[in-house]
A.B. asks: 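Let me give you the structure first, and then I'll get to my questions.
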Number of protein chains: 2
Amino acid sequence: MAKGSVSDGARKPRKTYEQIITHIREAISSGKLHPGDRLPPEVDLARSLGVSRPTVREALKVLEALNVLESSTGPTGGTFVKPLDGAGVADYLMDSISLLLDVQELTLEELWTARGAIEVPLAGMAALKRTEQDLAVLRGIIESDEYRDFHAYFPDITFHTTIAEASRNRLLSLFMLSIHTTIKALAERYVLPEAKQVSQDQHRLIYEAILDQDEALARRHMKEHLQMAYEVYREAVPKKDTDEATKEVSGDNA
Amino acid sequence: MAKGSVSDGARKPRKTYEQIITHIREAISSGKLHPGDRLPPEVDLARSLGVSRPTVREALKVLEALNVLESSTGPTGGTFVKPLDGAGVADYLMDSISLLLDVQELTLEELWTARGAIEVPLAGMAALKRTEQDLAVLRGIIESDEYRDFHAYFPDITFHTTIAEASRNRLLSLFMLSIHTTIKALAERYVLPEAKQVSQDQHRLIYEAILDQDEALARRHMKEHLQMAYEVYREAVPKKDTDEATKEVSGDNA
DNA sequence: TCCACCCTATTTGTTTGACAAATTTCTACC
DNA sequence: GGTAGAAATTTGTCAAACAAATAGGGTGGA
């Protein structure tokens with residue numbers, strides 16, 4: 001029958017498009033599909049799986065949203081397996097965290113506490129594992145004059161990201177990045193506080209601790225840096241009332 | 001009028017189904033849609049948005065995959081806004097972490113280091129914030145005799161989850177849960193080591209520290225507990241060869 | 001009265017076939 | 001040889017229907 005290659009095995013996902021999703025995921029996990037590989041055109045895929053194109057598309061769109069696939073039009077286009085580098089995961093996490101904040105399933109305090117729990121050890125690990133190249137990058141950031149020009153967030157986020165990379169822990173880096181990006185989005189939504197110079201000084205302290213491979217000192221300075229930053233942000237971001245959802249938003253819902 | 005309500009505003013998402021996705025997301029973020037709310041049937045949605053049903057469905061399937069919506073068939077069925085409690089995020093994270101491990105974009109060592117970085121502070125916070133009820137639950141777990149009966153993982157995961165909840169930080173709890181679930185899946189895939197009794201003893205030590213509200217001690221015992229567990233797992237889980245992907249999987253891919 | 005069964009209504013799930021839009025490649029013309 | 005336009009390829013969107021699942025109501029029987 002050649003078709004119906006999806007319907008073998010697992011019975012858990014009853015719906016066709018879910019079967020296709022797991023089919024493709026397994027193909028990637030098991031190495032049958034590698035990052036960068038191009039999938040057959042939707043029409044061919046549908047035919048070879050014995051299903052219709054809309055059904056295939058539902059599966060593809062889901063995997064696209066999950067940052068597993070990527071598609072574009074044209075002869076050179078098609079659907080490709082995305083390199084799985086965790087950046088997509090961080091994006092998703094960032095979206096989710098923002099949403100949780102919006103819906104009050106998360107408080108600013110929890111967010112900042114989590115940031116501290118992750119970034120303080122990260123700084124310590126970076127102090128132990130940093131390479132000469134990491135140091136060079138950090139030095140470049142600290143000595144950059146962008147601290148004044150821009151939102152004061154470009155150097156900050158790259159500084160912290162570089163430390164995360166220097167720690168050589170990609171999972172904590174991912175967590176850190178998603179939290180940091182969320183905070184950055186918040187900072188942009190409300191006014192961004194002027195803490196540039198202070199931030200720059202503190203960055204220098206952290207850098208020097210990492211330079212000296214002084215784990216404890218790196219942790220302490222990072223901790224102080226974050227506490228200071230939290231103070232600033234807590235005042236800038238307005239407290240959400242328990243229900244301010246009653247604001248007019250040109251509602252058409254009926 | 002009734003149609004085209006999607007096409008206003010932002011130009012970033014050019015594709016129709018993406019516009020619908022952000023449309024619904026914004027409706028949730030802004031409070032126009034609450035968890036538990038039921039969306040109109042797909043046909044009505046399509047008509048009121050001025051698009052076709054397959055397009056609407058692509059958007060809905062994506063939001064379903066993102067754990068934002070949920071749908072079922074039948075008269076009482078339909079598409080509903082999911083209560084946004086972070087459990088879905090943890091699920092997604094768990095999947096992603098597993099995938100990253102499979103593709104060697106993450107090592108076991110990184111995973112366990114991250115676990116330590118998160119759970120050690122978590123234990124400390126729990127020691128400070130625990131309530132009488134938290135203590136009661138923990139006590140129940142420790143004194144349970146399931147440590148011998150089952151996989152030895154049921155009590156473990158509930159114990160750690162309870163501590164996470166006692167810390168009152170939902171973001172770190174979410175991270176912790178996703179890591180823990182990933183490790184549990186690994187443990188089930190390979191044989192699960194027999195470390196039950198030791199685990200139970202260590203749990204008791206952690207519990208007592210939390211009981212006494214001794215933050216430092218709680219952290220230390222958690223740290224030791226995790227280090228011990230890591231030793232066991234590192235030996236149980238085989239190191240992945242750089243390519244063992246060449247195993248036959250009844251491949252039909254042409 | 002009560003219960004089991006079927007029948008119907010509602011909603012998502014899936015199929016078919018077509019056309020539109022985007023994008024690259026090929027080709028003809030200058 | 002270069003450039004503009006036509007053709008080919010692939011995803012994006014549309015339309016109308018049928019299939020499957022599920023809940024509720026109605027009917028018949030005990």
A.B. asks: Would you call B:Asp134 and B:Arg168 a salt bridge, using N to O less than 4.0 angstrom?
C.D. replies: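 Salt bridge between B:Asp134 and B:Arg168, a charged N being under 4.0 Å from a carboxylate O: yes.
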A.B. asks: Counting side-chain heavy atoms from C-beta on, which of D:dT13, D:dT22, D:dG12 comes nearest to A:Arg14?
C.D. replies: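 Nearest nucleotide to the side chain: D:dT22.
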A.B. asks: Rounded to whole Å, please give me the gap between CD in B:Glu42 and P in D:dT13.
C.D. replies: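 Interatomic distance, CD of B:Glu42 to P of D:dT13: 16 Å.
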A.B. asks: Contact class for B:Pro41 vs. all strands (heavy atom < 4.0 Å): base, sugar-phosphate, or nothing?
C.D. replies: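 Touches sugar-phosphate only.
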A.B. asks: For D:dA20, does either OP1 or OP2 sit under 4.0 Å from a side-chain N or O belonging to A:Lys15?
C.D. replies: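 The answer is no; no side-chain N or O of A:Lys15 sits under 4.0 Å from OP1 or OP2.
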A.B. asks: Does A:Pro75 or A:Tyr17 map to a spot on DNA chain C nearer the 5' end, using the closest nucleotide for each?
C.D. replies: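 Between the two, 5'-proximity favours A:Tyr17.
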A.B. asks: Take the protein atom CD of A:Glu18 and the nucleotide atom P of D:dA21, then report the distance between them rounded to whole Å.
C.D. replies: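 Checked: the CD to P distance equals 13 Å.
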A.B. asks: Output yes when at least one side-chain N/O atom of A:Arg53 is less than 4.0 Å from OP1 or OP2 of C:dT15, else no.
C.D. replies: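 Checking C:dT15 against A:Arg53, no side-chain N or O comes under 4.0 Å of OP1 or OP2.
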A.B. asks: Identify the two heavy atoms, one from A:Leu171 and one from B:Leu106, that lie closest to each other, and give their separation to 0.1 Å.
C.D. replies: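 Scanning both residues completely, I find the closest heavy atoms to be N-CD1, 3.7 Å.
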A.B. asks: So, does A:Thr76 get its side chain near the phosphate of C:dT23, meaning an N or O under 4.0 Å from OP1 or OP2?
C.D. replies: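 It does not, given that no N or O in the side chain of A:Thr76 lies less than 4.0 Å from OP1 or OP2 of C:dT23.
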A.B. asks: Roughly how many Å is it from CZ in B:Arg47 to P in D:dA16, rounded to a whole number?
C.D. replies: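 Nearest whole value for this atom pair: 13 Å.
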A.B. asks: Using a strict cut-off of less than 4.0 Å between a Lys/Arg side-chain nitrogen and an Asp/Glu carboxylate oxygen, indicate whether A:Asp102 and B:Arg25 qualify as a salt bridge.
C.D. replies: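 Salt bridge: no.
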A.B. asks: Roughly how many Å is it from CG in B:Leu45 to P in C:dT12, rounded to a whole number?
C.D. replies: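 One finds 9 Å between P of C:dT12 and CG of B:Leu45, rounded.
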A.B. asks: Would you call the rings of A:His180 and A:His160 parallel, tilted or perpendicular, where under 30° means parallel and over 60° means perpendicular?
C.D. replies: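 Judged by the thresholds at 30° and 60°, the geometry between A:His180 and A:His160 is perpendicular.
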A.B. asks: What's the CD-P distance between A:Glu58 and D:dG12, to the nearest Å?
C.D. replies: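 So the CD-P distance, A:Glu58 to D:dG12, works out to 14 Å.
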A.B. asks: Is the closest basic N to carboxylate O distance between B:Lys61 and B:Glu58 below 4.0 Å?
C.D. replies: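 B:Glu58 and B:Lys61: not salt-bridged.
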A.B. asks: Write down the distance between CZ (A:Arg57) and C1' (C:dA21), rounded to a whole number of angstrom.
C.D. replies: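 These atoms are roughly 12 Å apart.
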A.B. asks: At less than 4.0 Å, is any side-chain N or O atom of B:Ser72 found next to OP1 or OP2 of C:dT11? Yes or no.
C.D. replies: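 So the side chain of B:Ser72 is outside the cut-off, no N or O lying under 4.0 Å from OP1 or OP2 of C:dT11.
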A.B. asks: How close or far is atom P of D:dG12 from atom CG of B:Leu49, stated in whole angstroms?
C.D. replies: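 Those two atoms, CG and P, are 19 Å apart.
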A.B. asks: Nearest heavy atom decides the nucleotide; on that basis, is B:Pro54 or B:Asp44 closer to the 5' end of DNA chain C?
C.D. replies: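 Here B:Asp44 is the residue nearer the 5' end.
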A.B. asks: May I ask you to verify if any side-chain N or O of A:Thr55 is less than 4.0 angstrom from the OP1 or OP2 atom of C:dG13?
C.D. replies: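 So the side chain of A:Thr55 is outside the cut-off, no N or O lying under 4.0 Å from OP1 or OP2 of C:dG13.
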A.B. asks: Check whether any side-chain nitrogen or oxygen of A:Thr79 sits under 4.0 Å from OP1 or OP2 of D:dT10, and answer yes or no.
C.D. replies: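 No, no such contact exists.
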A.B. asks: Can you see if the side chain of B:Thr73 gets near the phosphate of C:dG13 - specifically, an N or O under 4.0 Å from OP1 or OP2?
C.D. replies: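 No, outside the criterion.
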A.B. asks: Rounded off to whole Å, could you give me the NZ-to-P distance for the A:Lys61 and D:dT13 pair?
C.D. replies: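 In whole Å, D:dT13 P and A:Lys61 NZ are 8 Å from each other.
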